[in-house]
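Structure in structure tokens, see below.
Treat the numbers as computed from the prediction; the structure is a model and nothing was measured.
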Amino acid sequence: MTLTIRRARTSDVRAIRDLVAPLAERRVLVSKDTVAYYEGLQEFRIAEAEGRVVGCGALHVMWDDLAEIRTLAVADDHLGKGVGGALLEALAQDAVELGVERLFCLTFEVDFFTRHGFSEIEGQAVDPDVYVELLRSYDEGVAEFLDLERVKPNTLGNTRMLRQL
């Protein structure tokens, strides 16, 4: 299998939605409106095999030294073939290029992220002053990161993980 990791294009939004939909139905990923994918498109990388989108993932910068891995999804028929790992490493490289030193994720896939250098964390990954600043964000993913009560139904059972770059 020849795998290509590239930046997402507007024409990929339908494929991203199709990859995320079954995972959102199982409450593994949070469902988003189509407009949210377009608004965050520049954060996405795509994995393509034989001309087909088989994976996606996004990097969302949260603070000067911290970014979140979001919406990491792989087509069922490509699980276990290194697609998720390749996407994750491309996103980590993007983070390094942006000057980010730490990656955060909120996941049910603890073993996968552990294999890729993440460790489980308790509590907050930011100082109290930064926490107060992040409270001003309208982004639902930031609310999940902050472990706010209003997003508890979306994150119930998720593990908070962090990786130093």
Side-chain angles (χ1 to χ4, degrees), residues 1-113 115-118 125 134 137-146 151 154-155 158-165:
M1 170 185 77
T2 301
L3 187 68
T4 302
I5 306 295
R6 61 170 174 79
R7 295 219 175 266
R9 299 186 285 260
T10 56
S11 58
D12 296 319
V13 168
R14 182 181 304 268
I16 292 169
R17 284 183 37 225
D18 290 347
L19 284 169
V20 171
L23 297 169
E25 287 175 18
R26 296 193 313 252
R27 295 180 51 104
V28 173
L29 290 178
V30 177
S31 181
K32 297 178 185 175
D33 292 324
T34 303
V35 68
Y37 292 117
Y38 283 109
E39 289 174 343
L41 191 65
Q42 69 279 2
E43 298 179 349
F44 274 86
R45 289 278 186 169
I46 295 296
E48 198 171 53
E50 286 85 45
R52 179 177 153 230
V53 174
V54 296
C56 66
L59 177 75
H60 182 78
V61 175
M62 300 176 78
W63 204 249
D64 67 341
D65 67 335
L66 181 68
E68 182 182 9
I69 299 294
R70 293 184 172 181
T71 320
L72 189 61
V74 175
D76 285 342
D77 62 339
H78 280 74
L79 290 172
K81 297 181 180 181
V83 175
L87 279 164
L88 183 56
E89 291 314 309
L91 294 168
Q93 183 58 45
D94 290 346
V96 168
E97 290 173 10
L98 291 169
V100 170
E101 298 169 357
R102 301 178 302 151
L103 291 177
F104 171 81
C105 71
L106 192 57
T107 186
F108 288 104
E109 300 295 336
V110 174
D111 291 340
F112 169 81
F113 281 97
R115 286 192 310 271
H116 292 278
F118 285 76
L134 290 174
S137 174
Y138 293 104
D139 186 275
E140 286 298 305
V142 172
E144 290 175 316
F145 168 77
L146 296 175
V151 295
N154 291 334
T155 61
N158 280 359
T159 301
R160 301 162 67 76
M161 301 186 80
L162 196 66
R163 173 179 164 183
Q164 293 291 136
L165 296 175

Legend entry - Heavy-atom neighbours of Arg14 CZ exceed 12 at 6.0 Å: no

Legend entry - Test item: Thr71 and Glu43 side chains (from C-beta on) under 4.5 Å apart, heavy atoms: no

Legend entry - Separation of Phe113 CZ from Asp111 CG (nearest 0.5 Å): 11.5 Å

Legend entry - Flag side-chain contact, heavy atom, 4.5 Å: Leu72 against Phe112: yes

Legend entry - Smallest separation among heavy atoms of Val13 and Thr34, with atom names: CG1-CG2, 4.0 Å

Inset, instruction - Measure across Val83 and Gly55 and return the closest heavy-atom pair with its distance rounded to 0.1 Å. - result: CG1-CA, 4.2 Å

Inset, instruction - Search all heavy atoms of Ile5 against all heavy atoms of Ala90 and return the closest pair with its distance. - result: CG2-CB, 3.6 Å

Inset, instruction - Working to the nearest 0.5 Å, report the span between CE of Met62 and CG of Leu59. - result: 11.0 Å

Inset, instruction - Could you check if a side-chain atom of Thr107 sits within less than 4.5 angstrom of a side-chain atom of Ile69, using non-hydrogen atoms only? - result: no

Legend entry - Pairwise side-chain contact, Leu41 with Ile16, heavy-atom cut-off 4.5 Å (strictly under): yes

Legend entry - Any side-chain heavy-atom pair of Arg160 and Leu106 under 4.5 Å: yes

Inset, instruction - State, yes or no, whether a side-chain contact exists between Val53 and Asp18 at a heavy-atom distance under 4.5 Å. - result: no

Legend entry - Distance (rounded to the nearest 0.5 Å) between Asp33 CG and Tyr38 OH: 13.0 Å

Inset, instruction - Could you tell me whether Asp64 atom CG has more than 12 heavy atoms of other residues or ligands within 6.0 Å of it? - result: yes

Inset, instruction - Please round to the nearest 0.5 Å and tell me the distance separating atom CG of Leu103 and atom CG of Asp65. - result: 10.5 Å

Inset, instruction - Please name the pair of heavy atoms, one in Leu3 and one in Ala49, separated by the smallest distance, quoted to 0.1 Å. - result: CD1-CB, 4.4 Å

Legend entry - Ala95 versus Leu165, closest heavy-atom pair with distance: CB-CD1, 3.7 Å

Legend entry - Residue that, paired with Asp12, satisfies salt bridge (charged side-chain N to carboxylate O under 4.0 Å, His left out) out of Arg7, Arg6, Arg17, Arg45: Arg6

Inset, instruction - Give the minimum heavy-atom separation between Gly57 and Leu91, together with the two atoms involved. - result: C-CD1, 3.7 Å

Inset, instruction - Could you name each residue pair satisfying side-chain hydrogen bond (donor to acceptor under 3.5 Å, both in side chains) that touches residues 72-89, not counting sequence neighbours? - result: Arg52-Asp77, Glu89-Arg163

Inset, instruction - Enter the distance from Gln164:CD to Phe118:CZ here, rounded to the nearest 0.5 Å. - result: 10.5 Å

Inset, instruction - Can you measure from CZ (Arg70) to CZ (Phe104) and round to the nearest 0.5 angstrom? - result: 10.0 Å

